[in-house]
Undergrad: 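What follows is a single structure, and I will ask about it in a moment.
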Number of protein chains: 2
Amino acid sequence: MRRRPERQTRLEDVAKAAGVSRSTASRVISGSGPASPTARERVHSAARLLGYRPDQAARSLVNGSGFRVTLAVVGTTAQVLDDPYVHRAVAAAALTATSYDVGVSLQWVPRDAPRLDRLLADRTVRGVVVLNTTEAALRSVPPTVRGRVASVGIGSRTVPSFDVDNGGGAAAVLRHLYATGRRRIAMVTGPAWLPCAQRPVKAYRDLMRAAGLPVRLVSGDFTAAGGRRAAGTILARWPEVDAVFGINDAAALGVLAALRAAGRQVPEDVAVAGFDDVEAAGLSDPGLTTATNPVEQIISSAVGAVLGETWVPPTTVFPSALVRRASA
Amino acid sequence: MRRRPERQTRLEDVAKAAGVSRSTASRVISGSGPASPTARERVHSAARLLGYRPDQAARSLVNGSGFRVTLAVVGTTAQVLDDPYVHRAVAAAALTATSYDVGVSLQWVPRDAPRLDRLLADRTVRGVVVLNTTEAALRSVPPTVRGRVASVGIGSRTVPSFDVDNGGGAAAVLRHLYATGRRRIAMVTGPAWLPCAQRPVKAYRDLMRAAGLPVRLVSGDFTAAGGRRAAGTILARWPEVDAVFGINDAAALGVLAALRAAGRQVPEDVAVAGFDDVEAAGLSDPGLTTATNPVEQIISSAVGAVLGETWVPPTTVFPSALVRRASA
DNA sequence: CCCATACCTGGGAGCGCTACCACCACAAGC
DNA sequence: GCTTGTGGTGGTAGCGCTCCCAGGTATGGG
């Protein structure tokens with residue numbers, strides 16, 4: 001009488017059915033050692049017959065490393081819920097991981113407690129990709145496990161990092177606004193603590209200074225709701241604006257909606273442009289002028305890097321290209 | 001000389017530092033047994049001092065159950081990448097899981113190989129929430145583990161299921177179109193194999209029949225791109241159409257963009273309505289009339305159910321309410 | 001013919017943790 | 001006084017898997 005009649009088939013069952021030892025079965029299943037063709041074949045067919053699935057927990061325990069990568073998204077609740085860019089990143093991570101045959105975990109990390117070391121304590125995760133973090137948080141990662149971490153959205157010297165050239169992309173958008181005659185250009189920023197939100201602001205400041213134009217900055221939070229509020233502030237403070245650059249498409253789409261609600265014509269009265277080229281940017285009316293952000297490529301590079309599957313230079317910056325639509 | 005000088009602190013280290021046995025330390029840390037106040041205090045402070053983190057792999061191994069829930073998204077690549085509804089579901093799962101102090105895994109499951117049993121073989125996962133699946137796939141789940149599975153988007157009798165009343169919501173939208181004088185109403189459907197995509201279609205057929213109106217169905221795939229294509233088909237086949245109901249907002253927004261591109265005025269010439277009430281529906285011009293889909297509630301109920309934290313009736317249907325905006 | 005060099009195999013230990021059980025002290029009851 | 005508890009404790013046995021190593025059987029050379 002067995003104590004637990006309904007248990008998962010384990011390696012020992014397979015070995016017994018195949019008439020070999022656990023060791024041999026293990027070698028065949030994990031493909032990590034010699035085994036005769038006959039043994040190989042018998043183990044495989046026994047495993048198939050019994051519907052054997054290796055227990056990942058046990059494997060992780062003995063290997064000291066797991067079969068999952070964690071995508072850690074740092075930010076506020078609203079931003080995680082509402083930014084389409086985050087969505088693309090998450091979806092890209094899921095698809096990339098599936099193609100590498102590993103799992104993905106998603107972890108929301110509140111902005112004020114970026115405990116990255118905690119994520120790595122779990123030996124069932126092989127690597128962590130951090131979205132939107134700070135250099136300080138990355139430095140909290142123990143040096144021994146830095147090879148298992150990659151960051152997206154910050155050019156870090158601490159861990160391999162992958163990012164779009166959002167300074168360059170922002171500059172391209174702003175030059176376009178200037179080239180089409182806009183001179184009273186406002187910008188909606190993102191969370192100030194985020195490096196990837198600082199570079200476009202710097203690009204904006206630099207270009208305004210170079211052109212001898214006044215700076216009109218309003219803070220946002222990467223969300224459409226934030227963009228709406230920012231547009232209200234802009235119209236109140238600088239009713240003369242003839243262009244608004246949103247730090248991301250979500251913000252820009254919020255601005256677009258708010259301007260429309262306020263009776264401004266886009267692009268006739270005010271031009272609007274964003275960044276990221278999310279799908280919604282192509283669906284709005286007018287279509288949103290923006291700059292590309294190859295998230296899928298970025299995420300898949302980062303996942304490949306933490307898995308150690310692909311060699312990567314310590315810092316990779318992907319180019320961003322202007323996408324002209326009707327809004328600017 | 002230790003063989004691995006840099007290893008994670010384990011329970012034994014904590015026990016030694018606290019001057020108690022592993023057993024006592026384990027009881028204190030996991031809070032699953034008696035321990036004297038002094039022992040409790042000494043173990044806790046030792047753990048804090050040494051930065052102890054329980055190894056989840058080992059815990060899963062011995063407990064036979066893990067600390068994560070998996071959100072399995074069934075669908076095509078395009079749908080996973082582009083449907084904002086999926087994004088909301090994923091984000092909701094991440095936030096809910098964080099609040100229960102468990103992890104979330106994300107698993108993309110190709111439509112043609114819904115191997116749900118495989119997901120459950122991993123004992124590091126405590127439960128699985130399946131998004132958009134079929135009754136057949138759910139029946140492939142072994143009865144012994146059905147308590148660890150919940151489904152979203154299908155009223156299943158096999159496992160606990162959580163869904164919005166999309167039949168009722170669709171009917172509300174369609175009645176609104178009818179009430180505002182529309183009579184030549186077309187509908188863009190979703191993937192036909194999906195139960196949650198069948199109910200709105202049934203609602204549409206029923207209402208059209210009851211009103212003695214002709215049925216105009218075009219198939220889509222839950223994406224904006226699919227909605228665009230469908231709108232093209234509709235205009236070619238039934239140029240007289242005066243309303244289009246998209247099975248979800250993504251499709252409806254695609255329709256909206258395509259109609260605009262074709263020179264039709266919305267809502268003057270053609271009314272457009274969707275379903276889900278995603279954020280983008282409030283940002284489009286005109287705002288998209290739609291019906292609510294409380295994904296966050298649905299997902300958090302489903303996660304609670306697979307964790308066994310909340311008791312739930314076998315099938316829960318959340319109400320859907322009409323949201324009137326300018327498009328219809 | 002015997003020994004060397006492969007290749008293959010199975011036993012055993014152990015990854016870090018918790019469940020179980022036996023044990024000890026001490027208190028309360030007859 | 002002895003028994004019957006009771007709360008606290010530590011040893012031990014695994015969970016399922018992979019590694020290491022000793023031992024085995026075929027094949028080659030001397």
Side-chain angles (χ1 to χ4, degrees), chain A residues 2-44 46-47 50-67 120-126, chain B residues 2-44 46-47 50-67 120-126:
Chain A
R2 302 262 295 274
R3 292 167 75 192
R4 305 180 77 223
E6 286 271 16
R7 73 198 305 173
Q8 279 278 47
T9 59
R10 53 187 193 280
L11 191 60
E12 184 159 8
D13 302 327
V14 174
K16 208 162 285 177
V20 297
S21 71
R22 279 196 309 280
S23 314
T24 305
S26 169
R27 258 174 265 130
V28 172
I29 296 289
S30 63
S32 67
S36 67
T38 46
R40 200 174 295 279
E41 202 266 329
R42 294 176 68 183
V43 169
H44 275 138
L50 274 62
Y52 172 68
R53 299 255 147 238
D55 185 315
Q56 304 297 351
R59 278 190 162 176
S60 298
L61 184 59
V62 59
N63 287 339
S65 116
F67 301 85
L120 285 158
D122 184 351
R123 75 202 303 162
T124 67
V125 341
R126 178 120 145 246
Chain B
R2 301 265 296 275
R3 292 167 74 191
R4 305 179 79 221
E6 286 272 16
R7 72 196 306 171
Q8 279 278 51
T9 58
R10 50 187 196 279
L11 190 59
E12 184 161 8
D13 303 327
V14 174
K16 209 162 285 178
V20 298
S21 69
R22 278 198 305 279
S23 313
T24 305
S26 168
R27 258 175 264 130
V28 172
I29 296 289
S30 62
S32 66
S36 68
T38 47
R40 200 175 293 279
E41 203 264 329
R42 295 175 66 183
V43 168
H44 274 137
L50 274 62
Y52 173 68
R53 298 257 146 235
D55 186 313
Q56 304 296 352
R59 278 191 162 174
S60 299
L61 184 59
V62 61
N63 288 340
S65 116
F67 300 86
L120 285 158
D122 184 351
R123 76 202 302 163
T124 67
V125 342
R126 178 119 146 246

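In the text below, chain A, chain B and the rest are named by the order of the sequence lines, each starting its count at 1. This structure is a prediction, so every number in the text was calculated from the model and none was measured.
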Undergrad: Just the table, please: protein N/O against nucleotides 4-7 of chain C N/O, every pair under 3.5 Å.
TA:
none

Undergrad: Indicate, with a heavy-atom threshold strictly under 4.0 Å, whether A/Ser60 touches base, sugar-phosphate, or nothing.
TA: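 Nothing, no nucleic acid heavy atom in range.
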Undergrad: From C/dC17, D/dC15, D/dT9, pick the nucleotide closest to the side chain of B/Arg123?
TA: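 Nearest listed nucleotide: D/dC15.
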Undergrad: Hey, can you pull the donor-acceptor pairs under 3.5 Å for the side chains in residues 56-66 of chain A, sequence neighbours left out?
TA:
unit_1	atom_1	unit_2	atom_2	d
A/Ser60	OG	A/Gln56	O	2.9
A/Asn63	ND2	A/Arg59	O	3.3

Undergrad: Check DNA chain D for consecutive Watson-Crick or G-U pairs with both distances under 3.5 Å and list the runs of at least three as stems.
TA: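 Stems found: C:5-26 with D:5-26, C:28-30 with D:1-3.
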Undergrad: Heavy-atom distance under 4.5 Å between the side chains of B/Tyr52 and B/Leu11, does that happen here?
TA: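 With C-beta onward as the side chain, the pair touches.
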Undergrad: Where along residues 16-25 of chain B does a heavy atom fall under 4.0 Å from DNA chain D?
TA: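 Contacting residues: B/Val20, B/Ser21, B/Arg22, B/Ser23, B/Thr24.
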Undergrad: Is B/Ala39 touching bases, backbone alone, or none of the nucleic acid, heavy atoms closer than 4.0 Å?
TA: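 Sugar-phosphate contact only - B/Ala39 comes under 4.0 Å of backbone atoms but never of a base.
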Undergrad: Using the side chain to side chain contact (heavy atoms under 4.5 Å, CB included) criterion, which residues pair with B/Ala35? Sequence neighbours excluded.
TA: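 Partners of B/Ala35 under the side chain to side chain contact (heavy atoms under 4.5 Å, CB included) test: B/Val28, B/Arg40.
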Undergrad: Restricting to side chain to side chain donor-acceptor pair (under 3.5 Å), what partner residues turn up for A/Ser26, sequence neighbours left out?
TA: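 Counting only residues at least two positions away or on another chain, A/Ser26 forms no side chain to side chain donor-acceptor pair (under 3.5 Å).
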Undergrad: Rounded to whole Å, how long is the line connecting atom CG of A/Leu61 with atom C1' of D/dG14?
TA: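 Going from CG in A/Leu61 over to C1' in D/dG14 covers 12 Å.
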Undergrad: Once you apply a heavy-atom cut-off of 4.0 Å, does A/Ala35 come out as touching a base, just sugar-phosphate, or nothing?
TA: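 Contact class for A/Ala35: sugar-phosphate only.
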Undergrad: Please figure out whether A/Ser26 or B/Arg40 has its closest DNA chain D nucleotide nearer the 5' end.
TA: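 Its nucleotide being nearer the 5' end, the pick is B/Arg40.
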Undergrad: By side chain to side chain contact (heavy atoms under 4.5 Å, CB included), which residues pair with B/Ser32, not counting sequence neighbours?
TA: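 For B/Ser32 the side chain to side chain contact (heavy atoms under 4.5 Å, CB included) partners, ignoring immediate neighbours, are B/Ser30.
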Undergrad: Please identify each residue that fulfils side chain to side chain donor-acceptor pair (under 3.5 Å) with B/Ser21, with sequence neighbours left out.
TA: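 Here the qualifying residues are B/Thr24.
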Undergrad: Of all the nucleotides listed (C/dA19, D/dC17, C/dC17), which has the minimum atom distance to the side chain of B/Asp55?
TA: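 Shortest atom-to-atom distance from the side chain points to C/dC17.
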Undergrad: Got a sec, which pairs hit salt bridge (Lys or Arg N to Asp or Glu O under 4.0 Å) with one end in residues 18-34 of chain B, sequence neighbours left out?
TA: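 Pairs touching residues 18-34 of chain B that pass the test: B/Glu12-B/Arg22.
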Undergrad: Determine, for nucleotides 21-28 of chain D in 5'-to-3' order, which nucleotides have protein heavy atoms under 4.0 Å from the base (write B), from only the sugar-phosphate (write S), or from neither (write -).
TA: --------
Undergrad: Select one nucleotide: of D/dG16, C/dT9, D/dT9, the one nearest the side-chain heavy atoms of B/Ser36.
TA: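 Closest nucleotide to the B/Ser36 side chain: D/dT9.
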Undergrad: Taking CG from B/Leu11 and C1' from C/dG16, how many angstroms apart are they, rounded to a whole number?
TA: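 Between C1' of C/dG16 and CG of B/Leu11: 8 Å.
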